[in-house]
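Structure first, then comments.
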Amino acid sequence: MLELKLVKESLFLNVLEAILDLVAVASVSCSSTGLKLQAMDAKGVAFISLLIPAKEFQFYHCDKDLSMGIAIGDMVEAIRSADKDGTITIKASDENFRNITVSIESPECNETTSFSLLLVTLKRFCIPELQGLLKKYDACVQMPSVDFMRICKYLSNVDGDVDISTIDKGIRFFALGKCGCLNVKYMQPEKATDIDISVQAPVSLTLDLKYMNSFAKVSALSNQVKLCLSKGQPLVVQCKIGQKTKSRIIYLLAPKIKG
Amino acid sequence: SGVQRSIKEFYRST
């Protein structure tokens with residue numbers, strides 16, 4: 001049996017809101033240590049992995065490992081109407097493993113609304129263990145998420161693709177659209193800061209801009225974001241969710257191949 | 001622009 005409780009204004013729900021423009025259904029695995037959500041966008045271009053340790057929830061109990069397909073779009077839609085201080089409880093039982101129950105309790109505890117959400121069948125897709133993969137990556141950029149969001153906002157003025165390339169002591173974002181082009185150079189400052197750009201080998205990736213803008217939404221929930229690039233490999237965008245937590249989200253974005 | 005690859009193409013063997 002699984003039971004977890006959270007307040008409506010929790011980071012978990014804010015993250016779900018932020019990823020909904022990419023995915024509407026997700027594979028959710030729960031164990032005694034926490035919850036893992038994985039989802040791929042409809043075109044199979046972006047992959048999202050979200051990890052929330054059990055202690056991040058107001059209450060968390062899972063006595064048996066569970067894996068289920070959840071229409072997170074429908075779930076978030078139902079929770080949106082709840083009071084901002086309301087408490088959300090999500091339950092799944094072993095006896096009836098065809099749906100989950102989501103209950104919303106008002107802050108005064110005088111009103112409870114429950115709804116049953118049918119589970120969906122999803123073909124699971126597993127990616128390799130990422131930390132091992134990233135050791136072989138060519139370049140990593142740790143940067144404040146406000147910088148990443150600002151750059152994505154600049155890029156959103158150009159409709160098309162973005163080329164992210166390593167340059168001497170930094171990286172370059174270049175977008176070419178119908179109305180013109182945009183060039184952003186992001187360099188490693190001389191003084192120690194919260195920016196860390198490490199380049200083992202030159203790399204350049206061409207990526208669909210619309211996905212970058214979706215990633216920027218989630219990075220708004222975190223102070224720092226880390227981009228990892230490697231030749232011919234998906235872009236990896238990682239960020240911790242919130243401060244002083246071990247919750248984290250990882251995006252993978254498949255590049256475009258020129259020619 | 002280029003040819004969009006999918007995530008599955010990179011990790012198909014795993």
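Residue numbers begin at 1 in each chain, while the letters A, B, ... track the order of the sequences.
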Taking A/Asp163, A/Leu253, A/Asp41, A/Leu252 one by one, which has the highest count of heavy-atom pairs under 4.5 Å against chain B?
-> A/Leu252
Under the ring-ring contact (aromatic ring centres under 6.0 Å, His included) test, which residues partner A/Phe12, sequence neighbours left out?
-> A/Phe57
How would you list, by chain and number, every residue that makes a ring-ring contact (aromatic ring centres under 6.0 Å, His included) with A/Phe148, sequence neighbours excluded?
-> none
Among residues 230-241 of chain A, residues within the sub-4.5 Å heavy-atom range of chain B, in order of number, are A/Gly232, A/Gln233, A/Pro234
Between the main-chain N or O of A/Met40 and the side-chain N or O of A/Gln38, is there a donor-acceptor pair closer than 3.5 Å?
-> no
Expected output: side-chain A/Thr206 to main-chain A/Lys256 donor-acceptor under 3.5 Å | no
Under the side-chain contact (heavy atoms from CB on, under 4.5 Å) test, which residues partner A/Asn213, sequence neighbours left out?
-> A/Cys152, A/Ser156
Interatomic distance, CD1@A/Ile127 vs CZ@B/Phe10, rounded to 0.5 Å, equals 13.0 Å
Any donor-acceptor pair under 3.5 Å linking the side chain of A/Ser145 with the backbone of A/Asn223?
-> yes
Pick one of side chain, backbone, both or neither for A/Phe125, based on which atoms fall under 4.5 Å of a heavy atom in chain B.
-> side chain
